[in-house]
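Both ligands and their constituent atoms are indexed starting at 1 by order of listing. Along the sequence shown, residues carry numbers from 1.
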Amino acid sequence: MLDSYKQQGQRIQMCRALRAKGISDEAVLAAMEKVPRHWFLDPTLVEIAYDDQAIPILCDQTISQPSTVASQSQLLNVLPGMKVLEIGTGSGYQTAILCELGAKVFSIERQKGLFDKTKQLLRELHYTAKCFLGDGYKGLTEIEHEPFDRIIITCGAPYIPQPLMDQLKPDGIMVIPVGDEQQEMLRITKRPDDEPLIEHFGNCRFVPMLGNVQFKYQ
Ligand code: SAH
């Protein structure tokens with residue numbers, strides 16, 4: 001797939017802008033400079049690939065804006081070799097960033113159209129993330145997959161799903177936008193002998209995290 005000098009330059013600019021917005025994690029910035037965001041978009045939209053905006057993808061969903069991907073990735077604090085569960089594969093761009101950070105990524109998507117397309121794309125790009133079609137509220141229940149060092153949710157959740165808390169390791173971190181119309185970005189650290197530590201990182205707006213009920217009507 002094509003990655004022109006112009007597009008490489010646009011990524012350098014994008015990362016400069018991310019730094020100016022307070023992103024300081026060098027591993028995250030290096031991953032975002034490396035991964036061609038335009039590969040995850042419809043070919044008709046590549047011109048705007050490096051603008052800091054969410055862009056429509058299949059199934060009425062959106063690829064998160066670069067500053068959101070950067071701040072969620074920074075909050076997640078991924079170290080190489082960690083097992084990371086992602087809810088909302090979508091375009092696969094955030095998945096690719098997690099892979100570049102050295103994570104073993106497990107990603108769940110509930111829309112079949114997106115699951116099929118993105119699974120194929122990630123394979124073509126040689127990312128070894130494992131993609132699952134299913135309901136992220138439940139996480140991954142197969143015993144060999146849990147628990148996770150990190151969990152990232154890339155859709156707006158009305159509440160913190162308990163199965164996801166259960167599948168997080170002690171001292172593990174979950175980054176999740178919680179709320180209805182608008183959400184608040186939360187970082188939750190699971191503590192072995194205490195209530196989870198919940199930190200707040202401001203308002204944001206994601207497409208909703210949908211549950212089983214919607215499956216029936218599609
Ligand atoms: N990280 C993705 C974000 C896509 S938008 C990207 O940047 O491209 C959020 C995604 O979450 C959508 O693809 C939507 O279908 C998916 N989603 C919503 N509810 C879900 C659920 N319960 N389980 C899994 N995926 C869900």
Side-chain angles (χ1 to χ4, degrees), residues 14 18 28 31-32 35-42 45-46 48-76 78 84-101 103 105-122 125 127 129-141 145 148 150-164 167 174-181 183 185 204-218:
M14 177 184 82
L18 290 173
V28 169
M32 293 192 64
V35 178
R37 187 172 186 251
H38 63 275
W39 288 353
F40 297 82
L41 292 174
D42 185 276
L45 296 170
V46 295
I48 55 169
Y50 298 102
D51 296 351
D52 194 15
Q53 64 179 71
I55 300 173
I57 53 175
L58 290 183
C59 307
D60 281 334
Q61 304 301 314
T62 54
I63 180 173
S64 301
Q65 68 187 86
S67 54
T68 303
V69 173
S71 69
Q72 279 199 291
S73 303
Q74 177 164 286
L75 288 174
L76 204 61
V78 174
V84 178
L85 176 63
E86 177 189 39
I87 310 299
T89 318
S91 67
Y93 177 65
Q94 172 77 72
T95 322
I97 298 295
L98 294 170
C99 290
E100 292 290 349
L101 292 171
V105 187
F106 299 77
S107 188
I108 308 178
E109 171 56 54
R110 70 180 287 283
Q111 300 271 8
K112 175 123 175 42
L114 273 170
F115 164 78
D116 287 339
K117 180 166 189 281
T118 301
K119 186 178 174 179
Q120 173 73 16
L121 175 67
L122 289 169
L125 299 177
Y127 287 115
K130 292 198 169 69
C131 294
F132 299 84
L133 177 66
D135 179 6
Y137 277 99
K138 299 191 181 118
L140 280 183
T141 43
H145 294 311
F148 296 96
R150 301 285 185 263
I151 300 182
I152 177 172
I153 290 87
T154 69
C155 35
Y159 56 87
I160 302 164
Q162 188 57 43
L164 298 184
Q167 291 172 34
M174 182 190 302
V175 174
I176 178 169
V178 177
D180 294 320
E181 294 280 285
Q183 301 90 30
M185 189 65 76
C204 48
R205 208 173 272 272
F206 283 77
V207 294
M209 182 168 179
L210 300 174
N212 261 339
V213 181
Q214 275 76 11
F215 273 116
K216 290 184 197 151
Y217 298 104
Q218 277 178 1

Trainee: Is it the case that ligand 1 has an N or O less than 3.5 angstrom from some N or O of I63?
Mentor: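 There is no such contact.
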
Trainee: Please write down residue, atom name and distance for the protein heavy atom closest to atom 23 (N) of ligand 1.
Mentor: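 Residue, atom and distance for the closest contact: G136 N, 2.7 Å.
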
Trainee: As an exercise, identify every atom of ligand 1 less than 4.0 angstrom from a heavy atom of Q94.
Mentor: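 Atoms satisfying the 4.0 Å criterion: 1 (N).
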
Trainee: Should Y137 be listed as contacting ligand 1, given a heavy-atom distance under 4.0 Å as the test?
Mentor: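 Flag set, Y137 near ligand 1.
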
Trainee: Just heavy atoms, cut-off under 4.0 Å: does T89 contact ligand 1 by side chain, backbone, both, or neither?
Mentor: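 Backbone only.
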
Trainee: Considering heavy atoms of the protein only, find what lies nearest to atom 7 (O) of ligand 1 and give residue, atom and distance to 0.1 Å.
Mentor: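 Of every protein heavy atom, S64 N, 3.0 Å lies nearest to atom 7 (O) of ligand 1.
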
Trainee: Within the 4.0 Å heavy-atom shell around V207, which atoms of ligand 1 are there?
Mentor: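 Those atoms are 5 (S), 9 (C).
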
Trainee: List ligand 1 atoms under 4.0 Å from I108, heavy atoms only on the residue side.
Mentor: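 In order of numbering, the contacting atoms are 24 (C), 25 (N).
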
Trainee: Quick one: closest heavy-atom pair of M209 and G136, and the distance?
Mentor: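 Of all heavy-atom pairs spanning M209 and G136, the closest is CE-C, 3.6 Å.
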
Trainee: Is R37 reaching over with its side chain to a backbone N or O of A49, donor-acceptor style, under 3.5 angstrom?
Mentor: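 Yes, R37 side chain to A49 backbone: donor-acceptor pair under 3.5 Å.
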
Trainee: Which residue and atom name correspond to the protein heavy atom nearest atom 17 (N) of ligand 1, and how close is it?
Mentor: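 Scanning the protein heavy atoms, the shortest distance from atom 17 (N) of ligand 1 goes to C155 SG, 3.8 Å.
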
Trainee: If I compare all heavy atoms of E181 with all of R205, which pair ends up nearest, and what's the gap?
Mentor: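 Closest approach of E181 to R205: O-NH1, 3.5 Å.
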
Trainee: Students should be able to answer this: which protein heavy-atom is nearest to atom 11 (O) of ligand 1, and at what distance?
Mentor: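 The closest heavy atom on the protein side is G88 CA, 3.2 Å.
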
Trainee: Could you tell me whether ligand 1 has any atom less than 4.0 Å away from a heavy atom of P208?
Mentor: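 Per 4.0 Å heavy-atom rule, P208 contacts ligand 1.
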
Trainee: For atom 6 (C) of ligand 1, grab the closest protein heavy atom and report residue, atom and distance to one decimal in Å.
Mentor: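 Going atom by atom, the protein heavy atom closest to atom 6 (C) of ligand 1 ends up being S91 OG, 3.5 Å.
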
Trainee: Checking a contact table here: which protein heavy atom is nearest atom 15 (O) of ligand 1, and how many Å away?
Mentor: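 So the nearest neighbour among protein heavy atoms is E109 OE2, 2.6 Å.
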
Trainee: Going through the checks in order, is the side chain to side chain contact (heavy atoms under 4.5 Å, CB included) test met by R110 and D135?
Mentor: CA-CA 6 Å; R110 70 180 287 283; D135 179 6; 5.8 Å; no

Trainee: Any idea which atoms of ligand 1 are less than 4.0 Å away from a heavy-atom of G90?
Mentor: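 Ligand 1 atoms under the 4.0 Å threshold to G90: 4 (C), 8 (O), 13 (O).
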
Trainee: Considering non-hydrogen atoms only, spot the tightest contact between C99 and Y127 and give its length.
Mentor: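 So the two residues come closest at CB-CD2, 3.5 Å.
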
Trainee: May I ask which of Q61, R110, E86 has a heavy atom nearer to atom 12 (C) of ligand 1 than the others do?
Mentor: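 Result: the heavy atom closest to atom 12 (C) of ligand 1 is in Q61.
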
Trainee: Evaluate the ring planes of F40 and Y93, with Trp represented by its six-membered ring, and classify them as parallel (under 30°), tilted (30 to 60°) or perpendicular (over 60°).
Mentor: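 If you compare the ring of F40 with that of Y93, the planes turn out perpendicular.
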
Trainee: May I ask you to check if ligand 1 and Q111 share an N or O to N or O distance below 3.5 Å?
Mentor: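 Between Q111 and ligand 1 (N or O atoms, distance only) the closest approach is not under 3.5 Å.
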
Trainee: Check the pair I151, I153 against side chain to side chain contact (heavy atoms under 4.5 Å, CB included), reporting the backbone distance first and the verdict last.
Mentor: CA-CA 7 Å; I151 300 182; I153 290 87; 3.7 Å; yes

Trainee: I'd like the name of whichever of D135, T154, I87, T62 reaches closest to atom 4 (C) of ligand 1 through any heavy atom.
Mentor: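 Closest candidate by heavy-atom distance is T62.
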
Trainee: What I want to know is whether L210 and ligand 1 share at least one N or O pair that is separated by under 3.5 angstrom.
Mentor: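 N/O-N/O distance below 3.5 Å exists for this pair.
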
Trainee: Numbering the atoms of ligand 1 from 1, which are under 4.0 Å from a heavy atom of G134?
Mentor: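 Reading through ligand 1 atom by atom, the close ones are 23 (N), 24 (C).
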
